[in-house]
Protein chains: 2
Amino acid sequence: MGTEGHADGTVGKALDVLDLVASYGRPVRFSEVLENAIYPKATLYRFLQTLTHQGMLAYDADRQTYSLGVRLVRLAHAAWAQSSLAPLARPYLDELASQTGETIHLAQMDQGQVLYVDKRNATRPVDMFSQAGKVGPAYCTGVGKAMLAFMPAEAVSAAVARQSFHRFTQQTLDSPEKLMAELAAISARGHAFDREEHEPGIICCAVPILSRSGKVLGALSVTSTTSRTNLQALEGHAATIKDCAARIAAEAENWRFPEQN
Amino acid sequence: MGTEGHADGTVGKALDVLDLVASYGRPVRFSEVLENAIYPKATLYRFLQTLTHQGMLAYDADRQTYSLGVRLVRLAHAAWAQSSLAPLARPYLDELASQTGETIHLAQMDQGQVLYVDKRNATRPVDMFSQAGKVGPAYCTGVGKAMLAFMPAEAVSAAVARQSFHRFTQQTLDSPEKLMAELAAISARGHAFDREEHEPGIICCAVPILSRSGKVLGALSVTSTTSRTNLQALEGHAATIKDCAARIAAEAENWRFPEQN
DNA sequence: GACTAAGTTTCACATAATGGAACCCAAGGG
DNA sequence: CCCTTGGGTTCCATTATGTGAAACTTAGTC
């Protein structure tokens with residue numbers, strides 16, 4: 001988690017440290033960071049200094065703790081705003097949410113992991129920042145499998161290699177073989193299910209968002225619970241979701257023209 | 001905006017480049033970045049490569065454009081979640097929003113600028129990511145002035161030095177002197193107003209969120225329009241807002257104990 | 001007042017960043 | 001078809017930067 005395998009260059013190392021601090025989820029002392037860091041004291045110290053000076057970290061002099069800095073929030077606003085899908089998919093998600101009355105997730109693939117970039121919640125009005133930015137496993141979520149199923153072979157194997165195949169529930173696909181078989185089925189069917197593979201009682205139906213050229217832009221899912229509904233009913237939404245995905249893809253298509261060239 | 005004054009070390013420069021890319025608000029070509037960068041071609045190229053390799057930027061091979069990477073969104077989620085105020089202030093903002101029926105902003109100070117970290121909108125249910133992370137001027141917003149008024153002298157002068165004093169409206173305080181006088185008044189009164197200083201028709205009443213030791217943690221404001229209400233009416237909410245700010249501060253107080261020591 | 005742990009600074013050394021220049025290559029244009 | 005143009009990429013000698021063991025400075029403790 002915190003420490004990546006090999007960090008190229010000085011900035012790579014610095015970003016490693018940033019991730020490490022982030023991984024605590026709370027302000028941390030220098031010595032705490034030091035314990036989990038792969039860098040010697042002086043080096044780590046300098047990195048923390050630099051990052052703090054740059055506003056990527058914030059240092060609380062009273063408590064002598066480092067936490068993530070506001071510059072990140074600012075950057076993220078920009079990142080989210082220009083992250084291909086999220087802002088432009090907004091109205092479509094709203095529509096889909098009201099059509100289905102269920103929870104909607106919009107996700108993208110990030111290094112073999114699912115990154116949720118937006119969400120509509122049936123009950124609670126909204127939870128944006130708190131949910132968007134979250135990451136999840138690819139091999140046992142609807143959106144994850146939907147994206148994998150439509151990615152080029154070598155990207156899939158790279159992603160599969162990074163999966164933990166932890167067995168969250170009875171239904172979790174716990175091996176690359178099972179996953180590959182499932183991906184084939186999804187690819188044929190056009191949509192993926194989550195059959196309580198990640199959390200008991202939570203099911204979903206997901207479809208990929210594909211560009212005209214077939215590139216996976218992201219995925220869209222309708223989530224519910226076994227107590228409220230079942231897979232058959234969710235599959236009933238499949239056409240609606242696909243339609244929504246198609247419209248988001250279309251929107252993305254002409255969005256990609258900042259200027260003529 | 002993009003290029004900061006002086007960037008210490010290699011990571012500083014890299015982050016500069018990151019900001020620069022972010023500042024475009026859309027995917028950019030190498031040559032475009034080069035135009036506005038202060039680094040020579042080869043150097044810039046290497047930075048973009050590194051940042052891309054690190055997931056801070058994303059490179060679209062088809063269009064040959066760089067945009068902000070998903071790693072940022074992930075980091076920002078963590079940043080927001082642990083950024084002192086926003087998550088813990090959440091329920092209080094909800095409450096304040098329903099009490100006042102007006103738009104609520106929660107902001108923090110970042111390098112002399114106001115950074116909005118959360119928002120409740122009276123009419124539209126919510127706009128999180130799209131609003132949080134936004135930055136605004138400190139000298140002509142309620143939250144900005146509320147924070148400045150309670151910051152230590154040298155921090156204030158540092159911040160004031162960074163203000164542009166652009167005259168957004170007739171009412172904008174367009175000089176350090178006017179601002180300092182206003183800050184004194186705010187400090188005495190305990191709350192700040194925005195008298196259409198930033199946008200015509202937009203008024204607000206803001207209070208600082210102060211820690212027990214008197215440190216400025218952030219600010220809270222109730223915003224409305226001149227067509228709906230007036231300053232006197234907003235001032236009527238002052239006590240409510242102050243109470244809310246006090247409770248957020250109290251919550252922040254015992255939040256700051258990750259472990260005993 | 002000696003002991004300890006956390007945090008900070010130093011400095012000789014090695015690595016990594018630098019950027020001018022050369023190179024590649026696709027797109028025009030004569 | 002060759003020549004040019006310009007964005008994009010790579011090379012490599014030079015040099016600035018980062019490196020980290022060790023020394024040092026607090027701030028607590030017994």
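Given the structure is predicted, the values throughout are model-derived calculations rather than measurements. Values below: every heavy atom of this structure, side chains too, minus hydrogens, waters and symmetry copies.
Atom-to-atom, CG of B:Asp16 to C1' of C:dT18 comes out at 16 Å; the value is rounded to the nearest Å. For the pair B:Gln64 CD and C:dA26 C1', the interatomic distance rounds to 10 Å; values are reported in whole Å. A:Glu32 has its CD atom 14 Å from the C1' atom of C:dG7, to the nearest Å. Straight-line distance from the CG atom of B:Leu44 to the C1' atom of C:dG20: 15 Å, rounded to whole Å. Regarding A:Tyr39, its OH atom lies at a distance of 11 Å from the P atom of C:dA16, rounded to whole Å. The interatomic distance linking B:Tyr45 (OH) with C:dC24 (P) rounds to 15 Å, in whole Å.
Each of A:Tyr59 and A:Arg46 lies near DNA chain C, and the nucleotide nearest A:Tyr59 is the one positioned closer to the 5' end. Each of A:Gln49 and A:Val11 was assigned the nucleotide of DNA chain C with the nearest heavy atom; the assignment lying further toward the 5' end belongs to A:Gln49.
A distance-only check finds no donor-acceptor pair linking the side chain of B:Tyr92 to the backbone of B:Glu251 [under 3.5 Å]. A distance-only check finds a donor-acceptor pair linking the side chain of A:Tyr24 to the backbone of A:Glu32 [under 3.5 Å]. A distance-only check finds no donor-acceptor pair linking the side chain of B:Ser187 to the backbone of B:Leu183 [under 3.5 Å].
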Note to self: With side chain to side chain contact (heavy atoms under 4.5 Å, CB included) as the criterion, how do A:Thr65 and A:Arg26 come out once you've worked through the C-alpha distance, each side chain's angles and the decisive distance to 0.1 Å?
What the structure shows: CA-CA 9 Å; A:Thr65 53; A:Arg26 60 173 172 79; over 6 Å; no

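In this structure, A:Tyr59 and A:Tyr66 have tilted ring planes: the angle between them lies in the 30° to 60° band. Between B:Phe30 and B:Tyr45, the two ring planes are perpendicular [angle over 60°; tilted spans 30° to 60°].
Residue A:Thr10 has a polar side-chain atom (N or O) positioned under 4.0 Å from OP1 or OP2 of C:dA17. Taking 4.0 angstrom as the limit, B:Lys13 places a side-chain polar atom (N or O) nearer than this to OP1 or OP2 of C:dT18.
Side-chain contact between A:Leu210 and A:Val216 is present, with heavy atoms from C-beta onward closer than 4.5 Å.
Protein chain A touches strand DNA chain D; the 5'-most and 3'-most nucleotides with an atom under 4.0 angstrom of its non-hydrogen atoms are D:dG18 to D:dA21.
In this structure, B:Ser31 reaches the sugar-phosphate backbone alone: every heavy-atom distance under 4.0 Å involves primed, P, OP1 or OP2 atoms, never a base.
Side-chain N/O atoms of B:Lys41 and base N/O atoms of C:dG20 include no donor-acceptor pair closer than 3.5 Å.
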